[in-house]
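Scroll down for the structure; my scribbles are underneath it.
Numbers here simply count residues along the sequence, with the first being 1. Remember, it's a predicted structure, so these values are computed and weren't measured experimentally.
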Amino acid sequence: MNLTKRSLITRRIAAALMVGALGFTGTSTWAEEPAVVPVTDEDILNDHNTPENVLTYGLGLQGQRFSPMTQINKENVADLVPVWSFSFGGEKQRGQQAQPIVHDGRMFVTASYSRLFAIDVRTGTELWEYNHRLPDGIMPCCDVINRGAVVYGDLVIFGTLDAQLVALKQSTGKVVWRERLGDYKAGYSYTAAPMIVKGKVITGVSGGEFGVVGKVEARDALTGKLVWSRPVIQGHMGTLDGKDNGITGADLPMSWPGDMWQTGGGAPWLGGTYDAETNLIFIGTGNPSPWNSHTRPGDNLFATSTLAIDPDTGVIKWHYQTTPNDGWDYDGVNEFIPFDYEKDGQVIKAGGKADRNGFFYVINRENGKLLNAFKTVTQVGWAERIDLETGRPVETGLRPGNPAASKDGKKGESVFASPSFLGAKNWMPMAYNPQTKLFYVPLNEWGMDLWNEPITYKKGAAYLGAGFTVKLLYEDYIGVLRAIDPVTGEWKWEYKNEAPLWGGIMTTAGGLVFTGTPEGYFKAFDAETGAELWKFQTGSGVIGVPATWEMDGQQYIAVLSGWGGAVPLWGGEVAKRIRELNQGGSVWVFKLHRSALSQ
């Protein structure tokens, strides 16, 4: 018996005794609530090394999405077969983008319309279901999706489309606490998977398209009490334990004109990663509001940036802005994955980020200094390159025109921009494999006609000041999965897909890369060569994020199936290509066929 399993058994006995004690004192929990092995901070920190659980979004707080398991590998992955499938049921289909969490015999998975299911991970039997009661008038910009939950103590915690954070008992689904992250009537919502750091649940918000002010917040994970709040737009006051804790960006020249900072956007809608070595949370911020950049001359700090935040205080330690004065909705929320950057005999604590703007950035995670930058797609129209000395883009001048300069003042000059606002890479998380030393990045090759229009802020109304039509670049493919060397920028291999890729990536020590396609296939590739080794038709588009774990001596893999998300809503000419794809809503679990295990 290994130490981890022995520890789990000890803690399960302790949890049972605790429940027994509660029953003895007269509470009703003895009969109603089965014992739960509590999740600790140590469990969370070690998640990437403990295959028997999946406790975090990203298979570890660093978000590398790498599993050390090897039972399923490139020699036997062709024998992967489904174990069970669970339908989310009803008419609430739309996009399913979550990553499953697995703990103590239960799978916790979120679904569209702010639902959370607890499932017996061995049988696929539903244990309980939580349906959040959503009010009329919610304003998610890009489908009614949810990207996952997190577990801590005996709780499972997730966010909702009306910008609430809900903590439920893992055993019963009963609500323990509920906190509001923002005013949904102003445009706030929440779709990301939360993160646990040092007993605190860390969240961002969505809503940049409505002129809300983005913020990162930390709450006591067991009570929901707010610990600190950090608005991410320059000029706003942060708080710590209910007291003022410094104005964001007060030590820098003001980069917003007039009072534009008060409706500046920057929503960190994807959540973050955490690195224990530097004790920093890394989180990306969204587009500045409105899209029409002529209304807000300046860099517009700290929109479209990566922020490094002290998890104890909420203070920003460093920042790096990828698209100053963003005029294309290139945003900056994509995940920043810590990894060891090896170059010229040196190993540097770095992080990798594939941005919507078409560039991949390698940044020193200790100080925010740029180490490397290169393109991830074939056509990047807005900038020639990233200057490695200044860290700033060398722009081509291809910005949509100012409507105030047009004859009628109603529409600025239209330009063809690439990537489109949906990004070279959008929300779908990439993976890093420390064995191949490659990033596996899900990308899309597309462009857009883009123009600006006049706009004024109105609470709860879309705040864009721009129009667009997404267009194809190539007839034979839109989506492309690329294996990228972060040192040279070389694309080691690529897999092209006719429809856009919109699902997350997972890589394993078994030499594999897993992802799904909108056409419904869940696929496995050779991590070194890109050869397609296995696929399975799930019945609807796969835009979820794979996870893997060990149970009873066998390796399991799970992924959600359910087509939707932003592409069918905003895809312009691209949407025509995917209009025949079927919707759905389910989770699939796979393992090796018995004959493969006996070999």
Given Asp355 and Lys425, is the salt bridge (charged side-chain N to carboxylate O under 4.0 Å, His left out) satisfied, shown in steps? CA-CA 6 Å; Asp355 205 88; Lys425 174 182 173 297; over 6 Å; no
Which class fits the ring pair Trp318 and Phe282: parallel under 30°, tilted 30 to 60°, perpendicular over 60°?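 Trp318 vs Phe282 ring planes: tilted.
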Thr239 side chain vs Trp228 backbone, donor-acceptor pair below 3.5 Å: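 Side chain of Thr239 to backbone of Trp228, a donor-acceptor pair under 3.5 Å: no, none is there.
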Please answer whether the main-chain N or O of Ala303 pairs with a side-chain N or O of Ser305 as donor and acceptor at a distance below 3.5 Å.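 Yes, Ser305 side chain to Ala303 backbone: donor-acceptor pair under 3.5 Å.
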Are Lys375 and Glu490 close enough for a salt bridge, meaning some N to O gap below 4.0 Å?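 Salt bridge flag = no for Glu490 with Lys375.
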Between Glu179 and Lys225 (salt bridge meaning N to carboxylate O under 4.0 Å), is one present in this structure? no
Going by distance alone, is a donor N or O of one side chain under 3.5 Å from an acceptor N or O of the other, for [X] and [Y]?
X      : Y      : answer
Asp275 : Thr278 : yes
Glu413 : Ser406 : no
Asp47  : Thr56  : yes
Tyr341 : Asn364 : no
Thr191 : Arg147 : yes
Tyr474 : Thr378 : yes
Asn357 : Thr323 : yes
Asp162 : Gln164 : yes
Asn279 : Tyr274 : yes

Should we count [atom1] of [X] as having more than 12 external heavy atoms under 6.0 Å?
X      : atom1 : answer
Trp570 : CH2   : no
Lys198 : NZ    : yes
Lys185 : NZ    : no

Ring centres under 6.0 angstrom apart ([X], [Y]):
X      : Y      : value
Tyr432 : Tyr440 : no
Trp291 : Tyr463 : no
Tyr320 : Tyr361 : yes

Honestly, is Arg65 close enough over Tyr57, meaning NZ or CZ under 6.0 Å from the six-membered ring centre and within 45° of the axis?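 Yes.
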NZ or CZ of Arg399 within 45° of Trp382 ring axis and under 6.0 Å: no
Derivation of the salt bridge (charged side-chain N to carboxylate O under 4.0 Å, His left out) call for Glu453 and Lys411: CA-CA 5 Å; Glu453 301 166 349; Lys411 181 179 179 180; over 6 Å; no
Less than 4.5 Å apart, any side-chain heavy atom of [X] and any of [Y]?
X      : Y      : answer
Pro393 : Pro324 : yes
Ile484 : Phe374 : yes
Phe421 : Phe468 : yes
Ile309 : Ile283 : yes

Stepwise salt bridge (charged side-chain N to carboxylate O under 4.0 Å, His left out) test for Lys353 and Glu335: CA-CA 6 Å; Lys353 178 175 182 174; Glu335 70 279 10; over 6 Å; no
Would Lys437 and Asp340 count as a salt bridge (charged side-chain N to carboxylate O under 4.0 Å, His left out) here? Give the steps. CA-CA 9 Å; Lys437 302 186 188 304; Asp340 291 334; over 6 Å; no
Results of salt bridge (charged side-chain N to carboxylate O under 4.0 Å, His left out) for Arg392 - residues two or more places apart only: Asp299
Working to the nearest 0.5 Å, report the span between CD of Glu209 and CG of Leu464. 6.0 Å
Could you give the side-chain donor-acceptor pairs of residues 266-273 under 3.5 Å, partners two or more places apart or in another chain?
residue : atom : partner : partner atom : Å
Trp269  : NE1  : Asp331  : OD2          : 3.3
Thr273  : OG1  : Phe336  : O            : 2.6

Applying side-chain hydrogen bond (donor to acceptor under 3.5 Å, both in side chains), can you list everything that pairs with Ser229, at least two apart in sequence or on another chain?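 So Ser229 forms a side-chain hydrogen bond (donor to acceptor under 3.5 Å, both in side chains) with Glu217.
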